[in-house]
Amino acid sequence: GEVVFQALQQSDRLTGAVSNGLLLPSELPPVRPGGALLKSWVGDALEALMGGSPVMLPALVNYERVYDKTVCDGGMTGSSSDCHSSHDPQLYAARMTDPLCRWRHPLPSLRSILHHAPKAPAADNTRPLLVIAGGNDVALPLRHVTAAFERVGGPKALR
């Protein structure tokens with residue numbers, strides 16, 4: 001999602017965008033401590049040692065709970081209190097070996113998202129933006145997406 005918003009800010013050809021989540025690392029602290037480390041001298045040292053070698057994302061972020069099974073059985077209330085999660089280790093193991101899941105990324109590419117310095121703050125955005133976020137998303141918590149969304153200017157919606 002972050003790359004979508006960065007492209008919206010950079011390109012005059014885009015008239016609007018749909019983003020799956022929103023980070024705004026230039027304006028908000030990283031979601032996880034690992035992001036802060038990758039942004040720091042530790043990330044500089046890792047990049048000097050590894051160069052452009054691919055990094056397995058699960059080595060940096062614990063994705064195991066991302067694949068929990070969430071069931072909402074409270075009827076039509078739509079309340080998150082009507083939902084419960086259960087851990088499914090088989091589902092997690094299957095995702096780790098799924099050839100369609102993109103788990104390896106060059107370290108400089110990952111760090112470029114954290115270090116991107118936009119020409120203008122998110123508040124200066126004037127183009128339509130739809131941000132999609134999951135209320136029970138453990139990879140990118142709704143509180144972070146909401147904080148980022150509130151900083152964005154222009155016509156926008158969070159769903």
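Positions are given from 1 along the sequence.
With L38 as reference, L107 is the one residue of L107, D44, I113 to meet the side-chain contact (heavy atoms from CB on, under 4.5 Å) rule.
In terms of heavy-atom proximity, S40 sits nearest to L37 at OG-O, 2.7 Å. Heavy atoms only, all atoms of each residue included: L140 and L22 are closest at CD2-N, 3.7 Å. Across every non-hydrogen atom of R151 and L24, the tightest pair is CB-CD1, 4.0 Å. The nearest pair of heavy atoms linking R159 to L130 is CG-CD1, 3.8 Å. Nearest heavy-atom pair across K39 and L114 is CE-O, 3.2 Å. Minimum interatomic distance between V145 and A133 (heavy atoms only, all atoms of both residues): CG1-CB, 3.8 Å.
In terms of modelled atom types and a separation under 3.5 Å, the side chain of S11 and the main chain of L8 share no donor-acceptor contact. Looking at K156, its side chain does come within 3.5 Å of a backbone N or O of F149 through a donor-acceptor pair. Looking only at distances, a side-chain donor or acceptor of S112 sits under 3.5 Å from a matching main-chain atom of S109. A donor-acceptor pair under 3.5 Å is absent between the side-chain atoms of N125 and the main chain of V152, judged by distance alone.
Side-chain contact between P121 and E27: present, with at least one pair of heavy atoms (C-beta onward) separated by less than 4.5 Å. No side-chain heavy atom of V131 sits less than 4.5 Å from a side-chain heavy atom of F5.
Qualifying side-chain contact (heavy atoms from CB on, under 4.5 Å) partners for P118, counting only residues two or more places apart in sequence or in other chains: Q9, S26, H116. Residues satisfying the salt bridge (charged side-chain N to carboxylate O under 4.0 Å, His left out) test with D124, not counting sequence neighbours, are none.
No continuous path of hydrophobic side-chain contacts links L23 to I132 [ILVMFWY only; heavy atoms under 4.5 Å]. Hydrophobic cluster membership differs between L28 and L142, with clusters built from Ile, Leu, Val, Met, Phe, Trp and Tyr side chains linked at under 4.5 angstrom. Grouping the Ile, Leu, Val, Met, Phe, Trp and Tyr side chains by contacts below 4.5 angstrom, directly or via other members, places L129 with L14.
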Distance-only check: which donor-acceptor pairs under 3.5 Å involve side-chain atoms of residues 52-59, not counting sequence neighbours?
| residue | atom | partner | partner atom | Å |
| --- | --- | --- | --- | --- |
| S53 | OG | M50 | O | 2.8 |

